[in-house]
Amino acid sequence: MPRYDAKRLEPKWQAYWEEHQTFATGPFDPAKEKMYVLDMFPYPSGAGLHVGHPEGYTATDIVCRYNRMKGKQVLHPMGWDAFGLPAEEYAIKTGTHPAITTAKNIETFKRQLKSLGFSYDWTRELATTDPDYFRWTQWIFLQLFDTWYDASCDWTGPDGVQRIGRGRPISELPIPADVAANGEAAVRRYQDQQRLAYQHEAPVNWCPALGTVLANEEVVDGKSERGGHPVERIPLRQWLLRITAYGDRLATELENLNWPESIKLMQRNWIGRSEGAEVDFYIGSGEWTGQVDAISSFPYRGLFGPNGITSAYIIPEEAPKVLHDFIAWLKQNARNGFRKEPGPDVLRIYTTRPDTLFGVTYMVLAPEHPAVNRLTTPEQRAAVDEYRQQASFKSDLDRTELAKTKSGVFTGGYAINPVNGKKIPVWIADYVLISYGTGAIMAVPAHDTRDFEFAKEYDQQIIPVVQPEDADEVLAQLFQNHFAQGCYSAIRISPSSADASVERLKETLKGLPEVDQLVEIVAANDQGTYLLVRRPMEDAVAGRITPPVRQIGLDEAFTFDGIAINSGKYDGLTTAEFKSKITADLAASGLGRKAVNYRLRDWLFSRQRYWGEPFPLWHELDVNGQPTGLLRVDAESALPIKLPEMADFKPTGTPEPMLSKAPESWLYKSAPDGTKLKRETNTMPQWAGSCWYYLRFVDNKNAAAFTDPQLEKQWLPVDLYVGGAEHAVLHLLYSRFWHKVLFDRGHVHTAEPFQRLVNQGMILGEVEFTGYARGQGLGVGGQGEPQNAAAVADWVSSAEVTDDDDGNAILKATGEKLATVKLSPDAVKKSGDSFVLADRPDIRIESRAYKMSKSRGNVINPDSVVENYGADSLRLYEMFMGPLEQVKPWSMQGVEGVFRFLSRVWRTITDERADDVRLNPAVQDVTPDEPQLRLLHKTIKAVTYDIESLGCNTAISRLMEFMNEATNWNVRPVAILKPFVLLLSPLAPHLAEELWQLLGGKTTLAYGPWPTFDPKLVEDSEIDVPIQINGKLRAKVSVPAKADQAVVEAAARADSLVASQLEGKTVVKVVYVPGRMVNFVVK
RNA sequence: GGCCGAGUGGCGAAAUAGGCAGACGCACAGGACUUAAAAUCCUGGGUUCCGAAAGGGGCGUGCGGGUUCAAGUCCCGCCUCGGCUACCA
């Protein structure tokens, strides 16, 4: 009695496919359409495959099988991202070489993947740890090392797209004459600074527990992404990749990719391109800081006055020396333009809001900023030093935790605002980061949230310079009423401000230079409190009070665009106009320029671990064995540079790389010219190998090149790439970066590697139910109720009950245990947004699915699913759960459901009562009748559409609907069942192959052909048309499919119910959508 | 705090271009087969009201408005949940 036996079928067909090399990609055939379908290759962890892996893998497998049957040539490879920390951690614990652990894990993964029947071309398998593979990873690194980014290069790539900016060979880098004059070593040093792979001493994320430095992307909340160990910031010489050079192209070239918009957006945010301006604030030469206190204010007014940069408003004999210097500086800038590098006499800031320059009330430097020393006055020295000391010890975690209150210290020094000559105090604070922009900011508390918080904390002045465009009519009216009496401004304070804040604002206003004397409350309504302010007459004369109204929020900064106020001749401009105007003015006077900044940092590319690719680099040593800072590269022929054998895998415990413990023979050599060389001892991060693996799959055996150029042209780009969204900004950005470098250097022909990207959603554990017994009379001590957790347990028999910290009884049961504790749906009742026990409304039941995790014990092992139900059931279930992109909880009962469906398919086609596997007697070679044909063709149409759009869940329900019908047929025509089996085959390939064979198939069905449908058979001849009256469904009438409005309307009116509803009413209008519905609009 | 996404039966979900809400599956209930169980097959169901029943009416896609002959779908305003991000000037 052969029942559906997946355990028999599946190994049989897996062996068949392997033996016949069914899925090996043949030689490329230019006549056929190609399709490159890629899964994100897994890291082969010791835990083995997780049910999350087969989700994406099944989806791509279905796409591949479908397209093979459609006659396309499909490339569908699999490999292993095998370098990485866990294998090394294991080596530290047990002494087992990471290579051994890795090989073992790969074996497990491969066995598991094969047991699921994926149609990978295993001849293309690769692991990033193979010397044949990482040889080319090292080779690509050398390409990066050999490349500089020419930002002004205007060129057209092989894809026909014109671009500005290109990676070019370092040999083409122009050497400035003064560098060349200093000899060969100077030239080499200059080149080294320009390469895409370069060394840099910088504060890095050092993780003592892991014994390594981590990339920004690998640090989450001040802890390591892997393991959650604390991370400190220490300065260290590191290798960096200049990904920022490609920031623009990485952002703009996302445009034409068929990727989820959310991922594109995440990448754009990560790159974080912002446009703004750099502006120089004058801080003077040496004696400046000493003299500053003597200057209370400058008689200098307005740089951009009617005469341009002049001293028109300055009375030189009244000005101290520093003012003369400042004026000289202004004139010099006007002559020479904006300097490339800021000199020691200026503080260069970056801002996206140059329109708020008139609202600057203080400046902030990052604690590490080089100008801090110069600006610090003797009185402030101790405080500044202490603050800097603290900041340097702070890990990112500390900085995050302290983010709630801003901290900072006054340096004692001042700068001069170039637009209005105001004296601006300079502070240091760790909310300003040395690594972004220029490491210095101008603070505009009125219009920046962070500056606002800081200003509140340290009592800095707040000057509003932007007001909302839609100024209240109330305020406009107020101004109208009072303007005649003098020069007034009205100010609105948001209603949530406390009285104390209003008082404080009044005080602040009185302190402002542009407020004359009068400050009073003139009105208050639910929009806020209105203050009327009288301003100096000269402001009015100068036409400076153009807009009648302005708003100050004492509670918050106004960060939006609006209309300029308090900004001299710029008053009245919109934010956008202001920005472009002042940027141009600054540029013209040499005080600033347009600038672009990126949130993206250069990619920290070195790790101090063992299990990674060694760098193909050497450091030159001098006669004393000390590094000279000059580098040599390995010849291509010397690659791969393999890892040395090590006596032990213990980290050095210092930031010194593991490989510094390597044998001398590996570490040192002499160059042919006699120079002593020491190997670079860092290794590459795990991302390196995954950056280009899709290129190697195309030609994984090539010993002469990373991939054959011809094959690369034929197969790339990847047409469909499926993987988890967790790689949205790491792997996917790094990979695109490398690809673009290879593109610029002429090694690949497309600018982007992955044309279409789909993210699979996470699979959560089974839904868990938790009951909370609480409220009156329950919990501990209630009257006539369970007195404690044990009593509740007794009451709901066999539920697992614990007490939580608050003394509430918590009862827990998993989905399956639910029935045993009698929490059937009848026992549970909806109450508001949650559920309660039906007869005990005081016991709340909550259901929730959690991430699968070892600690929660809700991990589903795919092996056990295959063991109990078979691979086809696992595949089918994972696809049937819901849309691929969605997060969804696992359900073992759901697996059972699809297993039942497959069993039903088996029973419908085979004879379960026979002793051997044979066709069901109902399956006969007869001519199908019309309803059967119609059902088949509708199913073909629907399933084809669904698979094309990756909607496997609905494809499966179509097949189920088909089966529900087909099982009822007494005679089941072979001509109907064969196409059905083909439709099923991408989803459940093992069962389909077996049935195909039974139905007379001679070879595998893997190459189809995919069934096509007859449009005539898809359309019904007779259809039910819903009849609505005033948009409400009242009846359905059956009419011929092609019936015109008159016929359908007549049929509708003939319906007794419709007729009775229309009785005595006027039909105003009849809406008829052919074949879909009729709507009578009546009065 | 910022950005993105999602809210539809007891549950996973479907509804392809604004046109029959709840396909398909799970769970549940009733029945058939069986000594019994498992397996299998059949039947049922959003909710509520009227009715003995057949049948019929009302209400229903997070909440409140709007557009439309017609809204799960489009627009405006909220609420809740999830993801990403977090001093990026």
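Since we're looking at a predicted model, the values are computed, not measured. All chains are named by letter (A, B, ...) in the order of the sequence lines, taking the proteins before the strands, and each is independently numbered beginning at 1.
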Parallel, tilted or perpendicular, as decided by the 30° and 60° cut-offs, for the rings of Tyr4(A) and Phe899(A): tilted
Mind checking if [X] touches a base, just sugar-phosphate, or nothing, with heavy atoms under 4.0 Å?
X	result
Arg907(A)	sugar-phosphate
Tyr945(A)	base
Gly882(A)	nothing
Met960(A)	sugar-phosphate
Arg599(A)	base

Flag the pair [X] and [Y] as a salt bridge only when some basic side-chain nitrogen lies within less than 4.0 angstrom of an acidic carboxylate oxygen.
X	Y	value
Arg3(A)	Asp5(A)	no
Glu453(A)	Lys406(A)	yes
Arg348(A)	Asp280(A)	yes

Side chain of Asn269(A) - closest among rC3(B), rC69(B), rC59(B): rC3(B)
Minimum-distance nucleotide (side-chain atoms of Tyr350(A) versus rA23(B), rC42(B), rA89(B)): rA89(B)
Distance, rounded to the nearest Å, where Lys888(A) contributes NZ and rG7(B) contributes P: 14 Å
Separation of atom CD in Gln886(A) from atom C1' in rG5(B), rounded to whole Å: 11 Å
rC41(B) OP1/OP2 closer than 4.0 Å to side-chain N/O of Asn968(A): no
rG9(B) glycosidic torsion: syn (within 90° of 0) vs anti: syn
Trace of the ring pair (Phe, Tyr, Trp, His ring centres under 6.0 Å) decision for Tyr598(A) with Tyr436(A): CA-CA 8 Å; Tyr598(A) 299 92; Tyr436(A) 184 79; 9.3 Å; no
Residue whose closest nucleotide on RNA chain B lies nearer the 5' end, Arg904(A) versus Phe1080(A): Arg904(A)
Nearest-angstrom distance, P atom, rG72(B) to rG18(B): 13 Å
Strand RNA chain B as a dot-bracket string - pairs counted if Watson-Crick or G-U with both distances under 3.5 Å, | where the partner lies in another strand: (((((((..(((......[....))).(((((.......))))).(((((....)))))..(((((..]....))))))))))))....
Ring-face cation contact, Trp270(A) with Arg599(A), 6.0 Å cut, 45° max: yes
